[in-house]
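All ligand and atom numbering here is 1-based and tracks the order in the structure.
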Amino acid sequence: MQKKPFITKEKAEEIIKEIPTPFHIYDEKGIRENARRLRAAFAWNKGFKEYFAVKATPTPAILKILREEGCGTDCSSYAELLMSQRCGFKNPEIMFSSNDTPEEEFRFANEVGAIINLDDITHIDMLQRVCGIPETICCRYNPGGTFSISNQIMDNPGDAKYGMTRPQMKEAFLRLKELGAKNFGIHSFLASNTVSNEYYPKLARILFELAKELREETGVNITFINLSGGIGIPYTPDKEPNDIMLIGQGVKKAFEDILVPAGMGDVSIYTELGRFMLAPYGHLVTKAIHEKHIHKEYIGVDACAANLMRPAMYGAYHHITVLGKENAPCEKVYDITGSLCENNDKFAIDRCLPKIDMGDILVIHDTGAHGYSMGYNYNGRLRSAEILLREDGTFTMIRRAETVDDYFATLEGFWDKV
Ligand SMILES: *Cc1c(COP(=O)(O)O)cnc(C)c1O
């Protein structure tokens with residue numbers, strides 16, 4: 001698979017005339033088409049809903065597009081709840097899947113009508129104290145051990161801080177029932193960034209069996225199963241993208257095998273995808289501003305890890321295209337660096353690329369999720385602007401770049417105190 005940017009050199013140059021690099025740009029058309037594919041894949045389930053994981057791309061213009069495509073939001077903090085509320089999401093369009101949750105966030109989640117997904121059994125009493133137990137409630141499950149698909153370990157739930165054990169799930173449901181809950185949901189997130197059509201179907205089987213058992217053991221009315229996030233994208237060009245239609249069919253098969261015979265065919269399926277919804281539809285656009293020839297060949301760009309942390313944080317691969325040189329031979333080997341005083345501030349290491357000239361525009365792929373949102377201010381670097389490429393080819397700035405005044409804003413009134 002060749003990774004093709006969704007903008008051309010000409011379009012990038014047109015935008016850069018108005019908005020200097022670096023910036024993140026999002027592809028409205030791609031976002032909408034993908035959201036529609038997801039809906040089609042789960043159209044067999046009457047109550048299906050995707051609650052977009054706000055943390056992936058907490059940008060109102062993006063949330064509004066997703067809302068138009070029928071999505072809700074999944075939040076885990078006060079700010080994310082508030083953003084969802086301000087974007088017009090209301091009950092039952094907000095999921096609150098938090099952990100280590102402050103009291104006041106439960107209160108606010110309840111106030112905005114979010115479905116509360118409890119990460120721990122001890123949160124029941126806290127929630128009861130803070131705002132009472134709502135009629136609809138969800139519990140997060142952690143089976144422990146490792147999670148494998150076809151004998152390959154995908155992730156390690158036993159090491160993850162999230163969710164409740166199997167005995168706790170039963171106890172939690174009984175206690176919540178006693179406190180007045182009427183509609184129950186089950187949530188679990190067992191593996192991240194899976195590039196496999198088998199993840200959701202396998203997870204669904206585990207949760208459907210659990211739902212059946214819990215209903216028998218506790219007599220509660222289970223109304224939804226939340227498969228949460230974890231469907232990944234191929235960051236490297238050698239990987240095949242997930243086939244969401246196949247994934248939807250796999251979950252349907254599990255549903256028909258397990259829930260339908262148990263008389264639970266009216267259970268709704270929810271998802272909380274972040275990466276799958278947005279990552280491929282965002283680019284970080286940056287310019288080559290330095291070349292350096294020492295023990296290795298370096299190209300310095302005007303973006304840095306403050307704009308995209310994944311390579312520095314996880315050693316993550318992000319594909320890079322030099323605009324206008326899409327078909328040029330990859331005859332050079334470069335490290336592509338940002339300006340942070342940290343040697344891990346490299347967007348690529350030993351990457352084969354066409355010869356890069358100063359002023360060339362580079363597209364860093366797959367930054368639409370966990371890109372801008374993980375940005376930070378280390379070294380006094382500022383977060384970039386965000387731009388939406390509309391379906392008609394025009395563009396709109398949907399968030400301005402930070403200025404040094406933003407950076408200093410929290411010092412207001414403190415300049416003279418030292
Ligand atoms: C991060 C997260 C998601 C989204 O994960 P992706 O890998 O981006 O799909 C969904 N649910 C919860 C609770 C999360 O923490």
Side-chain angles (χ1 to χ4, degrees), residues 26 31 34-35 37-38 41-42 49-59 62-63 66 71-81 83-84 93-101 105-106 109 114-120 123 137-143 147 154-157 159-164 185-197 199-200 203-204 207 224-235 239 241-242 244 247-248 251 269-282 308-310 313-314 316 318 366-374:
Y26 305 95
I31 294 169
N34 185 59
R37 275 194 297 273
L38 175 72
F42 286 91
K49 195 164 185 73
E50 149 72 3
Y51 291 87
F52 175 66
V54 174
K55 71 163 191 259
T57 323
T59 307
I62 300 293
L63 299 186
L66 290 171
C71 301
T73 59
D74 162 46
C75 305
S76 70
S77 67
Y78 175 77
E80 290 177 358
L81 286 166
M83 183 180 284
S84 299
E93 295 173 319
I94 306 176
M95 185 73 61
F96 187 55
S97 293
S98 61
N99 68 93
D100 193 12
T101 314
E105 297 194 359
F106 275 136
I115 300 172
I116 294 175
N117 179 18
L118 295 174
D119 181 64
D120 190 55
H123 296 177
I137 192 84
C138 184
C139 289
R140 183 166 182 168
Y141 174 51
N142 182 337
F147 181 81
M154 306 290 287
D155 226 318
N156 205 344
D159 261 353
K161 65 174 178 171
Y162 310 106
M164 308 185 198
I186 300 174
H187 170 284
S188 196
F189 192 156
L190 299 187
S192 195
N193 192 30
T194 58
V195 188
S196 156
N197 295 324
Y199 170 61
Y200 255 16
L203 172 67
L207 298 185
F224 66 89
I225 307 265
N226 185 342
L227 301 174
S228 93
I231 297 189
I233 61 134
Y235 284 99
K239 282 208 179 108
N242 285 317
I244 197 65
I247 291 172
V251 175
I269 303 298
Y270 295 163
T271 58
E272 270 175 359
L273 298 166
R275 196 186 311 274
F276 180 77
M277 301 305 288
L278 249 302
Y281 314 108
L308 175 69
M309 204 203 252
R310 297 186 74 258
M313 191 166 176
Y314 313 119
H318 279 264
D366 301 317
T367 67
H370 313 294
Y372 177 92
S373 62
M374 287 174 91

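- Per-residue contacts place Gly274 under 4.0 angstrom from the following atoms of ligand 1 (heavy atoms of the residue considered): 4 (C), 6 (P), 8 (O), 9 (O).
- One finds the NE2 atom of His187 at 4.0 Å from the OG atom of Ser97 (value rounded to the nearest 0.5 Å).
- Counting heavy atoms under 4.0 Å from ligand 1, residue Asn193 does not touch it at all.
- Taking the six-membered ring for Trp, Tyr51 and Tyr270 have ring centres closer than 6.0 Å.
- Residues Leu118 and Ile137 form a side-chain contact, since some pair of their non-hydrogen atoms from C-beta on lies under 4.5 Å apart.
- Close approach to Asp74 involves these atoms of ligand 1, each under 4.0 Å from a residue heavy atom: 10 (C), 11 (N), 12 (C).
- Of all protein heavy atoms, the one closest to atom 10 (C) of ligand 1 is Glu272 O, 3.0 Å.
- Taking a 4.0 Å cut-off on heavy atoms, Met277 fails to register as neighbouring ligand 1.
- Between Met164 atom CE and Ile186 atom CD1 the span is 11.0 Å, to the nearest 0.5 Å.
- Heavy atoms of Ala369 stay at 4.0 angstrom or farther from ligand 1.
- Distances below 4.0 Å separate heavy atoms of Arg275 from the following atoms of ligand 1: 6 (P), 7 (O), 8 (O), 9 (O).
- Each of the atoms 1 (C), 2 (C), 3 (C), 14 (C), 15 (O) of ligand 1 lies under 4.0 Å from some heavy atom of Lys55.
- From Asp119, atom CG reaches atom SG of Cys138 across 11.0 Å, with rounding to the nearest 0.5 Å.
- Interatomic distance, CG of Asn99 versus CZ of Arg140, reported as 6.5 Å (0.5 Å rounding).
- Side-chain polar atoms of Ser84 and Thr73 form a donor-acceptor pair below 3.5 angstrom.
- Between Asn226 and Phe189 there is no side-chain heavy-atom pair separated by less than 4.5 Å.
- His318 and Arg310 are linked by a side-chain donor-acceptor pair at a separation below 3.5 angstrom, with hydrogens and angles left out of the test.
- When each atom of ligand 1 is checked for a heavy atom of Ser97 under 4.0 Å away, the hits are 13 (C).
- Within the structure, the closest approach of Leu273 to ligand 1 falls below 4.0 Å when heavy atoms are considered.
- Residue-ligand proximity: Phe189 is placed with a non-hydrogen atom under 4.0 Å from ligand 1.
- Here's the thing with His370: one of its N/O atoms is less than 3.5 angstrom from an N/O atom of ligand 1.
- Atom SG of residue Cys75 and atom CZ of residue Phe52 lie 10.5 Å apart, to the nearest 0.5 angstrom.
- Of all atoms in ligand 1, listed by their number and element, those nearer than 4.0 Å to a heavy atom of Arg140 are 13 (C).
- Taking atom 7 (O) of ligand 1 as the reference point, the nearest protein heavy-atom neighbour is Gly230 N, 3.6 Å.
- Neither the backbone nor the side chain of Ala56 has any atom closer than 4.0 Å to an atom of ligand 1 (non-hydrogen atoms only).
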